[in-house]
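Below is one structure, written out as structure tokens, with a few remarks after it.
Every value quoted in this text rests on a predicted model; they were computed, and no experiment measured them. All heavy atoms count here, side chains included; hydrogens, waters and symmetry mates do not. Each residue takes its place number in the sequence, starting with 1.
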Amino acid sequence: CEEPRAEEGWIQMEPSIGPMLNGRYCYQVDLSSGQDAQNNNFGNFKLGIIQSRKYEDLNDDSTRDSGEPYLNDWTIRLYKQGEGWQLVDTKVTGHTGTLGQYRFENLGLGTYYICEVLQAGWTQTDPRAPEGFANQSGASDEASRCRRFIMNQSGAESIGQKHFGNIHYGSIPCRYP
């Protein structure tokens, strides 16, 4: 049997059948003197991480420019695609101690969508079509465009350049004489 390094984010993928020890599948090999045992491979997968940031798009250009501040206290939801979108986790930007950052950890294989909950008076600027994906979560408080991330068999993915941007349009009070 193999002991995957779970504390480092690894899980055992193979073998997936056979005798078990401590909740993990093992190979049982019976050998006589001079025999070899072959094709008893262990497969492991490093769980993925998705992290990025939320910023105020002061000039409404869908790009984070120098001087545009990161925004804390915004709700970001993680969905996994299956039969529809299933909610996996929810984070609030800034929860990592870094301004505007959100981070989802220990993610297995699959296609994930990250969606932001809009706040009153704010408009989403980033992502725009075609980079963003139409929101299919069914949540009425979320923006119309989400980010897609694919965790594939090449191992862990840590994505940090797929930000969310928003602008807060002001208002000009008018008085009539």
Donor + acceptor pair across side chains of Thr125, Asp57 (<3.5 Å): yes
Asp73 to Gln119 - nearest heavy-atom pair and separation: O-NE2, 2.9 Å
Separation between CG of Leu99 and CG of Leu71, rounded to the nearest 0.5 Å: 9.5 Å
Ile150 side, atom CD1; Leu109 side, atom CG - distance, nearest 0.5 Å: 11.5 Å
Same apolar cluster: Trp85 and Phe133, side chain cutoff 4.5 Å: yes
Test item: Cys146 and Tyr79 side chains (from C-beta on) under 4.5 Å apart, heavy atoms: no
Pair Lys91 + Asp89, salt bridge at N-O below 4.0 Å: yes
Minimum-distance pair of heavy atoms, taken over all atoms of Arg128 and Ser62: NE-OG, 2.9 Å
Least distance between heavy atoms, Gly48 atom then Met151 atom: CA-SD, 3.9 Å
Sub-4.5 Å side-chain heavy-atom contact between Pro127 and Phe164: yes
Rounded distance [0.5 Å steps], SG in Cys115 versus CZ in Arg148: 13.0 Å
Glu68 side chain near Thr63 side chain, heavy-atom distance below 4.5 Å: no
Side-chain touch Leu107/Lys80, heavy atoms, less than 4.5 angstrom: no
Qualifying residues under salt bridge (Lys or Arg N to Asp or Glu O under 4.0 Å), relative to Asp65, sequence neighbours excluded: none
Validation row: Thr75, Thr90 side chains within 4.5 angstrom (heavy atoms): yes
Backbone N/O of Gly132 and side chain of Arg145: donor-acceptor pair under 3.5 Å: yes
Ring geometry between Trp74 and Trp122 (parallel below 30°, tilted from 30 to 60°, perpendicular above 60°): perpendicular
Short side-chain donor-acceptor distance under 3.5 Å, Tyr102 and Glu116: no
Gln124 side chain to Ala143 backbone, donor-acceptor under 3.5 Å: no
Tyr113 versus Asn135, side-chain donor and acceptor atoms under 3.5 Å: no
Same cluster (ILVMFWY, side-chain, under 4.5 Å), Ile76 and Val88: yes
Flag side-chain contact, heavy atom, 4.5 Å: Arg77 against Asp141: yes
Distance (rounded to the nearest 0.5 Å) between Tyr70 OH and Glu56 CD: 13.0 Å
Between Arg103 and Thr96: side-chain donor-acceptor atoms closer than 3.5 Å: no
side-chain contact (heavy atoms from CB on, under 4.5 Å) between Phe104 and Ile114, worked out: CA-CA 10 Å; Phe104 298 100; Ile114 309 293; 4.0 Å; yes
Check: Asn72 side chain, Gly100 main-chain N or O, donor-acceptor pair, under 3.5 Å: yes
Check: Tyr169 and Asp60 side chains under 4.5 Å, non-hydrogen atoms: yes
Test item: Arg53 and His163 side chains (from C-beta on) under 4.5 Å apart, heavy atoms: yes
Any donor-acceptor N/O pair, Gln101 side chain to Thr98 backbone, under 3.5 Å: no
Stacked cation flag Arg147 on Tyr112, 6.0 angstrom / 45 deg: no
